[in-house]
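Data block below; observations after.
Since we're looking at a predicted model, the values are computed, not measured. Numbers restart at 1 for each chain; the letters A, B, ... are given by sequence-line order, proteins then strands.
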Amino acid sequence: MHLSEQEIIRREKLQQIIDLGIDPYPAPLFPVSHTSIEILEGYQEEILEDGTKNRLNFQEVALAGRLMVARPGGKASFANIQDAHGRIQIYVRRDDICPDDDKTLYDILFCKLLDIGDYIGVKGYVFKTKTGEVSIHVKELTLLSKALKPLPVVKTDHDGNVYDAFTDIELRYRQRYVDLTVNRGIKDIFIKRAKMIQVIRDYLLDHGALEVDTPVLQNIPGGAAARPFITHHNALDIPLYLRIANELYLKRLIVGGFDFVFEFSRNFRNEGMDRTHNPEFTVLEFYVAYKDYFWMMDFTEKLLEKIALTLYGTTDVQVGEQIISFKAPFRRISILEAIQEKTGIDISEMDEQGLMDVCKQLHIETQPSMGKGKLIDEIFGATAEKSFIQPTFITDYPVEMSPLTKKHRSKAGLVERFELMINGKEVANAYSELNDPIDQRARFEEQVQLMERGDDEAMFIDHDFLRAMEYGMPPMSGIGFGIDRLAMLFTNQSSIQEVLFFPQMRGEGQ
RNA sequence: GAUUCCGUAGCUCAGCCGGUAGAGCAAUACACUUUUAAUGUAUGGGUCCUGGGUUCGAAUCCCAGCGGGAUCACCA
């Protein structure tokens with residue numbers, strides 16, 4: 001193993017610590033009593049008539065964290081420790097932590113052998129220094145874990161200027177632990193993401209939903225049009241697929257008598273990666289019996305409004321250069337109207353050849369395998385999709401590209417489906433779900449024909465799913481939310497990798 | 001997958017019309033004994049992504065590969 005000079009020095013220090021009889025990785029718990037932020041926000045003192053200060057709280061505290069900045073001196077030192085919530089200054093006086101003649105703990109351990117990144121625990125009382133900084137006067141100091149690699153040292157001055165930030169994107173993603181440790185604001189992105197998910201979960205639970213788990217390993221990868229990852233079960237000697245969606249399983253549960261189920265589903269798709277696609281990603285799907293897609297639009301816009309209000313206290317959220325308003329209700333427009341609005345072309349009565357001609361006219365590439373539905377989707381994607389910045393429900397898609405969706409109650413050739421577009425991207429996809437088993441079987445068979453025409457993303461027939469439907473499936477509406485995309489919106493990030501702790505990377509090839 | 005840019009010390013970067021490497025922070029030592037990105041002086045630290053090629057000589061030019069970013073295409 002190749003070690004840098006600094007790593008060698010730290011290993012030597014580690015040995016010296018051991019030689020002093022100090023365990024660099026002690027086992028006993030450290031009784032943390034407060035967090036940095038509790039102290040920084042809660043410290044109180046009063047100034048007496050004679051001008052002296054009287055500390056009112058935090059007479060005994062115990063904190064643990066990483067040593068991040070040290071300004072050692074001969075008899076007293078200042079340093080910062082960083083815990084999960086922030087940084088706080090500590091004041092270490094030699095004669096306090098070494099009350100006897102033996103000053104080793106201060107002179108050697110603290111001044112010589114501790115490094116940036118080491119975990120320490122301190123006990124003492126809180127005071128305000130003469131420069132006005134709330135600090136911990138340390139009475140007792142414990143090494144909790146020695147760090148053998150040097151962290152990047154990122155410094156911020158009082159004007160908020162950052163010096164020597166750890167910015168290499170590849171290193172930040174590969175060593176997210178370092179990114180989280182040294183770069184301010186990274187944790188906040190993930191905390192916001194977690195809060196967003198919590199708001200959604202609470203909202204669903206408040207409306208009577210049941211959170212469920214369904215298989216990740218599936219015999220038939222159903223519920224979406226996508227290329228799956230394939231794996232193999234040794235004992236059964238069968239191929240298994242990592243799920244591309246959980247839709248068909250949640251619907252089986254509705255058949256079984258639940259009326260509102262949801263799952264945060266990690267899905268896997270063996271397709272390209274870019275700043276909005278990771279091979280594994282999270283989709284929230286939920287299904288509600290006896291509802292239709294109009295109900296789902298109402299429910300969805302209220303949910304998003306609630307997320308915005310909870311995270312930001314307002315419905316207006318800054319996303320890139322845009323201010324996005326999550327104030328319900330959202331605009332609703334059918335896909336055919338949207339295309340007409342953006343291009344002036346009315347394609348509602350066109351057949352496959354007519355659509356092909358429109359594509360040619362608009363310089364959109366087509367494949368012979370594309371059916372009518374796919375062509376309409378291509379036209380929408382090329383001409384209209386990106387222009388929907390404010391939340392908009394695009395409704396009433398062609399039946400060909402929606403094999404799991406109920407036929408529209410009044411518009412022939414269309415289905416009761418909507419996609420929610422925000423900032424030019426699809427965030428959610430929902431239907432009045434198809435529950436007619438005869439129709440469902442026919443739709444699957446059309447998918448088989450598409451597959452034979454060369455569409456490698458057409459759906460497989462799931463006979464068990466059809467069987468379930470034949471037992472009777474109540475009418476319902478369902479939706480899938482791209483949780484990562486939603487997290488990008490609500491944290492103002494333009495790359496999916498910034499909202500995933502560990503985005504997919506190639507091997508480092510050691 | 002295509003195009004394009006990038007890969008130099010622990011971190012951030014300079015050096016790139018070829019002459020075998022520099023800065024700041026970090027580290028080490030000494031001095032100073034202190035506050036708040038940054039005290040001073042000195043020192044150490046590099047398979048310049050990897051492998052080939054051109055050349056007397058390659059971090060620098062050429063080719064291939066590996067890894068990453070951006071844009072485009074497909075997909076959520």
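- Remark: R172(A) is not in phosphate contact with G68(B), judged by side-chain N or O atoms under 4.0 Å from OP1 or OP2.
- For the pair I496(A) CD1 and A70(B) P, the computed distance is 13 Å after rounding to whole Å.
- For the OP1/OP2 pair of A27(B) and a distance below 4.0 Å, the side-chain nitrogens and oxygens of K13(A) include no atom meeting the criterion.
- Residues F286(A) and F299(A) place their aromatic rings such that the two centres sit under 6.0 Å apart.
- Comparing atom distances between the E170(A) side chain and each of A26(B), G67(B), A76(B) picks out G67(B) as nearest.
- Side chains of S4(A) and Q6(A): no donor on one and acceptor on the other come within 3.5 Å.
- Between R506(A) and C66(B), a side-chain N or O to OP1/OP2 separation shorter than 4.0 Å is absent.
- In this model, no donor atom of one side chain and acceptor atom of the other lie less than 3.5 Å apart for Q89(A) and T129(A).
- Using bins of under 30°, 30° to 60° and over 60° for the plane-to-plane angle, the ring pair Y241(A)/F460(A) lands in the tilted bin.
- Applying the side-chain hydrogen bond (donor to acceptor under 3.5 Å, both in side chains) criterion to E280(A), with sequence neighbours excluded, gives R266(A).
- For D157(A), the side-chain hydrogen bond (donor to acceptor under 3.5 Å, both in side chains) test picks out N161(A), Y163(A), with sequence neighbours left out.
- Take the nearest nucleotide of RNA chain B for R485(A) and for G132(A): the residue whose nucleotide is more 5' is G132(A).
- When heavy atoms are screened at a 4.0 angstrom cut-off, A224(A) is found touching no nucleic acid atom at all.
- Contact annotation for K130(A): backbone-only contact, meaning every heavy-atom pair under 4.0 Å involves sugar-phosphate atoms and none involves a base.
- Put simply, CD1 on I8(A) is 11 Å from P on G45(B), counting in whole angstrom units.
- Side-chain atoms of T167(A) lie closest to U12(B) of the nucleotides C72(B), G69(B), U12(B).
- Of the candidate nucleotides G69(B), U28(B), U47(B), G69(B) has the atom nearest to the side chain of I169(A).
- In this structure, of G67(B), U35(B), A76(B), it is U35(B) that holds the atom nearest to the side chain of T129(A).
- Residues passing the side-chain hydrogen bond (donor to acceptor under 3.5 Å, both in side chains) test with T395(A), sequence neighbours excluded: none.
- Nearest nucleotide to the D274(A) side chain, out of A76(B), A73(B), A26(B): A73(B).
- In the set A27(B), G10(B), C72(B), the nucleotide with an atom closest to the side chain of R275(A) is C72(B).
- How far CG of L284(A) is from CZ of F264(A): 4.5 Å, rounded to the nearest 0.5 Å.
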Polar atom pairs (N or O), protein with nucleotides 37-41 of chain B, under 3.5 Å:
{"from": "A37(B)", "atom 1": "OP2", "to": "H158(A)", "atom 2": "NE2", "distance (Å)": "2.8"}
{"from": "A37(B)", "atom 1": "O2'", "to": "K155(A)", "atom 2": "NZ", "distance (Å)": "3.2"}
{"from": "A37(B)", "atom 1": "N6", "to": "Y163(A)", "atom 2": "OH", "distance (Å)": "3.2"}

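- Using a 4.0 Å heavy-atom cutoff across all strands shown, D484(A) reaches no nucleic acid atom at all.
- With hydrogens and angles left out, the side chain of E133(A) and the base of U35(B) share no donor-acceptor pair within 3.5 Å.
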Exercise for the section: Tell me, with the steps shown, if Y91(A) and F127(A) meet ring pair (Phe, Tyr, Trp, His ring centres under 6.0 Å). Expected result: CA-CA 9 Å; Y91(A) 175 65; F127(A) 74 113; 5.8 Å; yes
Is there any protein nitrogen or oxygen under 3.5 Å from a nitrogen or oxygen in nucleotides 22-24 of chain B, and what are the pairs?
{"from": "G24(B)", "atom 1": "N2", "to": "D164(A)", "atom 2": "OD1", "distance (Å)": "3.0"}

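- Under 3.5 Å, the side chain of E5(A) and the base of A27(B) form no donor-acceptor pair of N or O atoms.
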Side-chain donor-acceptor pairs under 3.5 Å in residues 377-387 of chain A, sequence neighbours left out?
{"from": "T383(A)", "atom 1": "OG1", "to": "I379(A)", "atom 2": "O", "distance (Å)": "2.7"}
{"from": "S387(A)", "atom 1": "OG", "to": "K342(A)", "atom 2": "NZ", "distance (Å)": "3.4"}
{"from": "S387(A)", "atom 1": "OG", "to": "A384(A)", "atom 2": "O", "distance (Å)": "2.6"}

